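Bear in mind the structure is a predicted one, so any value in this text is a computation, not a measurement. Naming convention: chains lettered A, B, ... in sequence-line order (proteins, then strands); numbering from 1 in each chain.
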Amino acid sequence: MGRTGTDHNAIGQAGTEHNVVGHGTGQAGMFDLAVVGAGPAGMAAALTAADHGLKVVVVDEQQRAGGQIFRQPPEEFTGSVLRPTAGYGWATGLIRRFEADERLTTEFGWSAIGVLYDDALPGGLCLAVNHPQDGTRVIGARRLLIATGAYDLPVAFPGWTLPGVMTAGAVQTLVKAQKIAPVGDVVLAGAHPLLLLVADLLVREGVRVSEVAFAQNIPKPADLLHALGAVPGHVRMLAETGGILARLVRNGVRVSSRTVVTAARGEEHVARVELARVDRRWKVTGTPRAVDASHLVLGYGFSASTELARQIGCDLVYDSPKGGWVVSHDDRLRTSVPGVFVAGEPTGVAGADQSRAEGELAALAIAADLGRDVSATALAEAERGIRTATRFSTVVQRMFEPAREALGDLAGRDTTVCRCETVTRGTLDDFLEASPFVSDVNAVKLSCRTGMGPCQGRYCEGSVGTILASAREQPIGLGGRFSAHLPIKPVPVGDLRTLDSFLDAPPDAPPDGPGGDGSGAVDG
Amino acid sequence: MTRDDTWRRTARRRGAAVTVVVDDEPVPACTGETVAAAMLTAGAAFEQDSGGTPRAPLCTMGTCFECAATVDGRPLTRTCLVPVRDGMVVETSRRL
Ligand SMILES: Cc1cc2nc3c(=O)[nH]c(=O)nc-3n(C[C@H](O)[C@H](O)[C@H](O)COP(=O)(O)OP(=O)(O)OC[C@H]3O[C@@H](n4cnc5c(N)ncnc54)[C@H](O)[C@@H]3O)c2cc1C
Ligand code: FES
């Protein structure tokens, strides 16, 4: 394990030995590069940057390296090791190299809550980080890499706030890393191949999986192979998917296509779910049938985690197959804000191979930017890695693009759309009808409070955008996106006092869109 | 309110046995587990929404805040990110 900046007892003085903490520490303690996220993108970037002589700090709010796909069991669970998914043989090696690298400073358990600028650090930026026990401090760096990954695409439908409803990623993490398993019957529903992996994981733990429902026709491995043609590297992964399907069916799991979950029912916990047939565009056609279940697992795909990029003021672009709003960048992964780079899922949800390749390229670009020698061969190789990965991810993205309009229709008038502020679809519909000139999601946010709670809109932006788009008969991207403000992940009141004297916008970057909604530090 | 039919521990090799206190009730846990995982296996209730309806973890990766609680006096703590420590005090509440 590299140097670890903090000790949980050292409240308030965390990291003073090597970091800019607060003002006036000057350039000396500054890192060349701060990486947010220790998934495949962040790990690859950190190692490549260190290889080019950069002083690197990596911040991740999880306890260990790996990111979402390679989430490791806790160190305390002795003997429990990560078994990477088929096709990702490189994962274990990357994690071990990252963890053993003495050159890297790692800050696990810390959340990046925003970027500030400080006159005392010309040419640098200050990354504000928060810890559940230790509060807020600031890390100074010359360059920032956003490698914050993605999260499961939220879809609002009746009953989705009931305990017992979880995302596929959540269940995968609990089973693989926390070593706990759901009790009772489980139904999985959605549209992403991750559902198959999670169903298989559950069956192998002895969990009763009654049904896996896919909104689309399930592409047969042969179709996938045909579509992918020239991407031999991924055959193993496809073979694995075929094997899983066969294993599920052998275990009595019903695998349905053209089926979506239209409701979860129960008093204080899921007891039953309703599944309905859909047409090719995922519009419900038949009467739902009820299936008993105590757990409902949702996997419609992923949304890119872009809140840090939004807070900094980076340009974003709407690209539905890539995961909705994604961060714009040039061919060296520079964002629109000077000094800020992006790698992995925030550029588009494209899988672990592409994340790793982008991490490498971003680090090379940053090293070159800071005047280090970067060989043309290394750059060409990194670019080739991205091209190979993109050929695969583009096919997968197209094949599994969510039919957002139909998913938006699943929310009825009484359905909670904004989970944090408990705002229903009915409230949105009434507001949109009464305010015919509103065509922007931030205007909806200001009036209806959707997106003002602790999740900061991560779980309702998609629904609000879709509902707005269909009310105004405009493309989803035209409705814009929620803006984000420091702290992008809310912290207890008082935690931000450390930051009082900083500038809150990059001196040379455009201000952060419309907003100023006062969402931020929320008193629990 | 607790229920006993939601989650169970699988692997036998876990961390040392500790106890956390959730809304004045002792909840057994093992070091390395997150507070949310310990609460799920104990069937403990999480925070309720402003209407008094129960909620529970949705993402277990720190993005949704459905698992938030006051932990050792610090509100808005995401219990899915925080590992248990012996004697930790967790208070769930109704959201404002
Ligand atoms: C829940 C989930 C499960 C997945 N499972 C699979 C799978 O089984 N198979 C598969 O092929 N693909 C899976 N994927 C797709 C997967 O995202 C990619 O394959 C790969 O993990 C992406 O790597 P990354 O480095 O871009 O991001 P990630 O691996 O997502 O890493 C991002 C890291 O950034 C951290 N982070 C984010 N924001 C902050 C912040 N503000 N402060 C501090 N840290 C932060 C996160 O804790 C995370 O560790 C999954 C995705 C998700 C979201
Ligand atoms: S369960 Fe979503 S933040 Fe903890």
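- The aromatic rings of A:H131 and A:W110 sit tilted relative to each other, their planes meeting at an angle between 30° and 60°.
- With a 4.5 angstrom heavy-atom cutoff, A:E307 does not touch chain B via any of its atoms.
- Contacts with chain A were tallied for B:P57, B:A16, B:A68; B:P57 has the most, counting heavy-atom pairs under 4.5 Å.
- B:D72 does not touch chain A: none of its heavy atoms, backbone or side chain, sits under 4.5 Å away.
- For the set A:G164, A:A170, A:C455, the entry with the most heavy-atom pairs within less than 4.5 Å of chain B is A:A170.
- In this structure, A:T167 contributes its side chain and B:L58 its backbone to a donor-acceptor pair below 3.5 Å.
- Defined by atom type and a distance below 3.5 Å, a donor-acceptor pair is missing between the side-chain atoms of A:D185 and A:S294.
- Contacts of A:R419 with chain B are made by both backbone and side-chain atoms, with heavy-atom separations under 4.5 Å.
- With chain B as the partner, the residue from A:M166, A:R71, A:Q178 showing the most heavy-atom pairs under 4.5 Å is A:Q178.
- Ranked by heavy-atom pairs shorter than 4.5 Å toward chain B, the options A:A181, A:P132, A:P163, A:P74 are led by A:A181.
- Taking chain A as the reference chain and counting heavy-atom pairs below 4.5 Å, the highest number among B:R74, B:E33, B:R78 is found for B:R74.
- Nearest heavy atom pair, residue B:R9 against residue B:C30, reads NE-SG, 4.2 Å.
- Here the side chain of A:Q68 pairs no donor or acceptor atom with the backbone of A:Y151 at under 3.5 angstrom.
- Your options are B:A56, B:A11, B:P54, B:A36, and the one with the most heavy-atom pairs under 4.5 Å with chain A is B:P54.
- A donor-acceptor contact shorter than 3.5 Å is absent between the side chain of A:S111 and the backbone of A:E61.
- Taking a 6.0 Å sphere around CZ of A:R204, one finds it holds more than 12 heavy atoms contributed by other residues, nucleotides or ligands.
- No other option in B:G15, B:C64, B:G51 has as many heavy-atom pairs under 4.5 Å with chain A as B:C64.
- In this structure, chain A has a heavy atom under 4.5 Å from the side chain of B:T77, while its backbone stays farther away.
- Between A:T161 and B:R55, the closest side-chain pair of non-hydrogen atoms falls below 4.5 Å.
- Within the 4.5 angstrom heavy-atom criterion, no atom of A:D60 approaches chain B.
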